[in-house]
S.K.: 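So that we are looking at the same thing, I have put the structure below in structure tokens.
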Number of protein chains: 2
Amino acid sequence: MRRGLEFKKKARIIVVDDNYEHLSGIKELIEIESDFDVVATATSASVAISLIKKYRPEIVLMDINMPEKDGLTAIAEIEKLDLGVRTIALTGYDDPDLIFRAMKIGAKGYILKTMASAQLIYAIDEVANGKIYLPATLSSRFFEYFQKSFKEEAQTVSDEDNLLNYLTQREEEVLDLLTQGITYKGVAQKLFISETTVKTHVNNIFQKLQVNDRTQAVLYALNNGFLNRRKVKIAI
Amino acid sequence: MRRGLEFKKKARIIVVDDNYEHLSGIKELIEIESDFDVVATATSASVAISLIKKYRPEIVLMDINMPEKDGLTAIAEIEKLDLGVRTIALTGYDDPDLIFRAMKIGAKGYILKTMASAQLIYAIDEVANGKIYLPATLSSRFFEYFQKSFKEEAQTVSDEDNLLNYLTQREEEVLDLLTQGITYKGVAQKLFISETTVKTHVNNIFQKLQVNDRTQAVLYALNNGFLNRRKVKIAI
DNA sequence: CGATTTCTAAACCATATGGTCTAGATTACG
DNA sequence: CGTAATCTAGACCATATGGTTTAGAAATCG
């Protein structure tokens, strides 16, 4: 598979799988069917991490379903090292939650063990070239899960009977300061009003939000999208 | 393109684009090259929504770059109607933030206007069959953006000098109850200890978190991933 | 123009919260 | 076994917070 005079470096790979049979199978597959270089293998996440520090590979193939320290935390740790190592998650399950979590913590690809060997090689190739690879079926599953979580969030947040809607503008300003952990005295200074006025506003806020104290008001505000009102932030 | 005796219903489509040229172009394209049925078109989001309510199509092709009411809010509204209508976003820009927001609010597909007509038909077909369709390039862009946002979040949250790490187990339990808006008396009852003990714990918490009151402690906890410790919740 | 809402502010009081110190019982650690 | 950390709990005091009522000024609305 070598391609003449290309300068492209052979991607160096570390394979991690607690099952030794699988491990050597994958290693052989890669060495025979592709141009990549398996520089090391590991049967546990902790060993894998020291090997990664030592060899600095471009790619890590990580089995997610391991006992002891699980693969997801391992991936998270690898990402935290920030060595530019790109990790591909490998597993038998297409559980959307698993896919979501893997991608969330920084996996650059996600492949099922049942998939054809050609697809594995293709995925490694894509990821080695800086792309992120998810097979179409898994991608669909991911997005369904992704949208479902946001839908639930949107429902709980932007209800039209959100009690925050009943607050006046001044009350919103006061509540905004409260959600920053500022005392009544501080609020009074910031808004150039007396402390008793602040107390009046606060009491009205309590009644409207049906809570009994400052902490509960702040919690209500945070749980019901109060911050999203003023800031146009579309953050996750 | 009709396929003999299949029972599959022709998907009914509404196309929305403020540019009339584009609109009729897309409409013709769909009618000539595919089996789908364009039941209506609209040049504004608000008109589109009433048409959707009237025709109940399976698919909506929505141009995102419209003046007045923009396409994203339109998609959000359509999703909110919960009519089972599946929306595909259509735009000239592959801005990752745009893609991310579109998918977040529930778009079932995202296509660039520059893409080949065959790809448009393919996308509609996929979405009509209940799948979610993102072309590979856009998918890559989406995931990069997705991971970047989580990476930033992870950095601010899971620092090793997170003051929450200095809390004892009992202090964590107390703080947990405080983050639910419970009073000292309530905490005392829940933990079967005296109120003065609660106060002792709380004072220790304040010192460790370097804050002055309950609200600030709760805010610190929420902003620094306190909830993610006990609950394995991977919520967004 | 009259009514309503909003923002302002005070008085008064009860209680919750916060700050500091001391101290016994238990457990963990070297 | 001695020491440190943790959990418990009391005393004492200062102040912040919460509940209620009243009320004037300004803005908004029909």
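A note on names: the letters A, B, ... follow the listed sequences, proteins ahead of strands, and every chain is numbered from 1.
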S.K.: Consider the side chain of B:Gln207, meaning its heavy atoms from C-beta on, and name the nucleotide among D:dT8, C:dT20, D:dT17 that approaches it most closely.
M.R.: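 Nucleotide nearest to B:Gln207's side chain: C:dT20.
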S.K.: What is the separation between atom CD1 on A:Ile205 and atom C1' on C:dT6, rounded to the nearest whole Å?
M.R.: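 From A:Ile205 CD1 to C:dT6 C1': 13 Å.
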S.K.: Write down the distance between CZ (A:Arg214) and P (D:dG19), rounded to a whole number of angstrom.
M.R.: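 A:Arg214 atom CZ is separated from D:dG19 atom P by 13 Å.
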S.K.: Base, sugar-phosphate alone, or nothing: which one does A:Thr197 contact when heavy atoms must sit under 4.0 Å apart?
M.R.: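 Result for A:Thr197 = base.
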S.K.: Aromatic rings A:Phe146 and B:Phe142: how do their planes relate, parallel, tilted or perpendicular, breaks at 30° and 60°?
M.R.: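 The rings of A:Phe146 and B:Phe142 stand perpendicular, inter-plane angle above 60°.
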S.K.: Find the distance A:Gln216:CD to D:dT17:P and express it as a whole number of Å.
M.R.: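 It is 15 Å, rounded to the nearest whole Å.
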S.K.: In sequence, state the C-alpha distance, the side-chain angles, and the governing distance for A:Lys108 and A:Glu79, and then conclude on salt bridge (Lys or Arg N to Asp or Glu O under 4.0 Å).
M.R.: CA-CA 10 Å; A:Lys108 298 297 182 294; A:Glu79 286 298 320; 3.5 Å; yes
S.K.: Please state how far atom CD in B:Glu171 lies from atom P in D:dC7, giving the value in whole angstrom units.
M.R.: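 To the nearest whole Å, that distance equals 6 Å.
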S.K.: Between atom CZ in A:Phe206 and atom P in D:dA16, what is the gap in whole Å?
M.R.: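 So the CZ-P distance, A:Phe206 to D:dA16, works out to 16 Å.
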S.K.: When we call it a touch if two heavy atoms are under 4.0 Å apart, what does B:Thr196 touch: a base, just sugar-phosphate, or nothing?
M.R.: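 Touches a base.
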S.K.: Please tell me which of the listed nucleotides, C:dA10, C:dC12, D:dC12, lies nearest to the side chain of A:Lys199?
M.R.: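 Nearest listed nucleotide: C:dC12.
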S.K.: Counting only heavy atoms not in B:Lys190 (residues, nucleotides, ligands), do more than 12 fall under 6.0 Å from its NZ?
M.R.: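 Counting other residues, nucleotides and ligands, NZ of B:Lys190 stays at 12 neighbours or fewer.
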S.K.: Across the strands shown, which category fits A:Thr168 at heavy-atom distances under 4.0 angstrom: base, sugar-phosphate, nothing?
M.R.: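 The residue A:Thr168 makes sugar-phosphate contact but no base contact.
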S.K.: When you check the phosphate oxygens OP1 and OP2 of C:dT6, does a side-chain N or O of A:Arg170 lie under 4.0 Å from one of them?
M.R.: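 Negative; the distance criterion is not met.
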S.K.: From the set D:dT17, D:dG19, C:dA16, return the single nucleotide nearest to any side-chain atom of A:Asn203.
M.R.: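 Of D:dT17, D:dG19, C:dA16, D:dG19 is nearest to the side chain of A:Asn203.
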S.K.: Mind calculating the distance between CD (B:Gln169) and P (C:dT26) to the nearest angstrom?
M.R.: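 After rounding, the reported distance stands at 19 Å.
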S.K.: Grab the CG-P distance between B:Leu191 and D:dC7 for me, whole Å please.
M.R.: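 Distance check: B:Leu191 CG to D:dC7 P gives 11 Å.
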S.K.: Write down the distance between CG (B:Asn204) and C1' (C:dT17), rounded to a whole number of angstrom.
M.R.: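 Distance check: B:Asn204 CG to C:dT17 C1' gives 15 Å.
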S.K.: With a cut-off of less than 4.0 Å, is there a side-chain N or O of A:His201 near OP1 or OP2 of C:dC7?
M.R.: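 For A:His201, the contact criterion (side-chain N or O under 4.0 Å from OP1 or OP2 of C:dC7) is not met.
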S.K.: Take B:Asp95 and B:Arg141 through the salt bridge (Lys or Arg N to Asp or Glu O under 4.0 Å) test and state the conclusion after the steps.
M.R.: CA-CA 8 Å; B:Asp95 173 20; B:Arg141 280 181 166 272; over 6 Å; no
